[in-house]
Amino acid sequence: LGYKTAAICDNDAPDHLSAESVQVLRDGGAHVCQWDEGNSTERQLFLDLPWENISTLLQLICDHHDTLEFATVVDTIIKEDRVESQNLGTDPTKWSESTVLRQVIGDLAHKGSWIKRIDYAENAFAFALPLLPDIAVLKNRLNELWTWVQNND
């Protein structure tokens with residue numbers, strides 16, 4: 001129809017949006033903002049955020065959520081099969097950084113809808129976006145989207 005169109009999409013459900021579908025969108029002139037392969041928004045966030053800010057983000061998410069309790073979130077993380085053998089303990093500030101732990105936190109955030117409501121996401125991203133390094137996927141893709149918005153009047 002000639003509308004300038006952009007799509008922001010997770011990249012963790014190829015059965016919902018395949019690489020071929022993304023290419024069709026791009027071939028049709030749409031700007032597609034998509035995270036790294038296999039990543040939901042939550043996973044990408046927890047992979048990109050500097051490690052020293054992860055525990056603060058977890059606390060902030062719980063503080064602004066209607067039903068999440070920090071102790072429950074921590075308990076859910078430390079008991080997840082992929083990291084249970086690490087004996088993480090209940091203080092996230094003492095956890096050692098690992099890609100697997102970052103993925104687990106992101107996956108649990110996605111599965112548990114920790115930031116699925118607009119106000120939850122606003123709080124999380126208001127905290128996280130200024131802390132993201134320039135090389136972060138989230139920051140780069142959102143900057144590309146912002147550039148697209150500004151150049152398409």
key: Any side-chain donor near an acceptor of the partner, T41 and D10, under 3.5 Å   = yes

message = Any donor-acceptor pair under 3.5 Å linking the side-chain atoms of E144 with those of N140?
response = no

message = Are K139 and D134 packed together at the side-chain level, in the sense that at least one heavy-atom pair is separated by less than 4.5 angstrom?
response = yes

ask   = Should P50 and P133 count as side-chain neighbours, where that means a heavy-atom distance under 4.5 Å?
value = yes

Validation: residues 69-78 side-chain donor-acceptor distances under 3.5 Å, sequence neighbours left out:
residue : atom : partner : partner atom : Å
D75     : OD1  : K79     : NZ           : 3.3
D75     : OD2  : K79     : NZ           : 3.2
T76     : OG1  : T72     : O            : 2.8

key: Residues in salt bridge (charged side-chain N to carboxylate O under 4.0 Å, His left out) contact with K111, at least two apart in sequence or another chain   = none

inquiry  = Just to verify, what does D107 make a salt bridge (charged side-chain N to carboxylate O under 4.0 Å, His left out) with, not counting sequence neighbours?
reply    = R43, R82

Look up atom [atom1] in [X] and atom [atom2] in [Y], then write down how far apart they are to the nearest 0.5 Å.
{"X": "L108", "Y": "L58", "atom1": "CG", "atom2": "CG", "result": "10.0 Å"}
{"X": "T56", "Y": "Q59", "atom1": "OG1", "atom2": "CD", "result": "8.5 Å"}
{"X": "S98", "Y": "L88", "atom1": "OG", "atom2": "CG", "result": "8.0 Å"}
{"X": "L138", "Y": "L129", "atom1": "CG", "atom2": "CG", "result": "7.0 Å"}

request  = Not counting sequence neighbours, list each pair that qualifies as a ring pair (Phe, Tyr, Trp, His ring centres under 6.0 Å) and has a residue in residues 5-64.
outcome  = H31-W148

key: Pairs where residues 82-127 contributes a residue and the test ring pair (Phe, Tyr, Trp, His ring centres under 6.0 Å) is met, not counting sequence neighbours   = H65-Y120

key: Exceeds 12 heavy-atom contacts within 6.0 angstrom, atom CD of E37   = no

request  = Flag yes if more than 12 heavy atoms outside D63 fall under 6.0 Å of its CG atom; otherwise flag no.
outcome  = yes

Does [X] belong to the same Ile/Leu/Val/Met/Phe/Trp/Tyr cluster as [Y], with side-chain heavy atoms less than 4.5 Å apart forming each link?
{"X": "L142", "Y": "I115", "answer": "yes"}
{"X": "L131", "Y": "W146", "answer": "yes"}
{"X": "L132", "Y": "L60", "answer": "yes"}

Which pair of heavy atoms, one from [X] and one from [Y], lies closest together, and at what distance?
{"X": "T93", "Y": "S55", "value": "CG2-OG, 3.3 Å"}
{"X": "L49", "Y": "R102", "value": "O-NH1, 2.7 Å"}
{"X": "L45", "Y": "A128", "value": "CD1-CB, 3.6 Å"}

note = Members sharing V32's hydrophobic cluster, built from side-chain contacts under 4.5 Å between Ile, Leu, Val, Met, Phe, Trp and Tyr, are L17, V22, L25

ask   = Do any pairs count as a side-chain hydrogen bond (donor to acceptor under 3.5 Å, both in side chains) and have a residue in residues 122-133, sequence neighbours left out, and if so which ones?
value = none

Checking [X] side chain against [Y] main chain: does a donor-acceptor pair fall under 3.5 Å?
{"X": "N39", "Y": "D12", "result": "no"}
{"X": "D48", "Y": "V137", "result": "yes"}
{"X": "S85", "Y": "V83", "result": "no"}

Counterpart residues, side-chain hydrogen bond (donor to acceptor under 3.5 Å, both in side chains), relative to [X] (two or more places apart):
{"X": "S21", "answer": "S18"}
{"X": "N87", "answer": "none"}
{"X": "Q103", "answer": "none"}
{"X": "Q86", "answer": "none"}

task = Using the salt bridge (Lys or Arg N to Asp or Glu O under 4.0 Å) rule, collect all pairs that involve residues 22-36, keeping only residues at least two apart or in two chains.
result = D36-R141

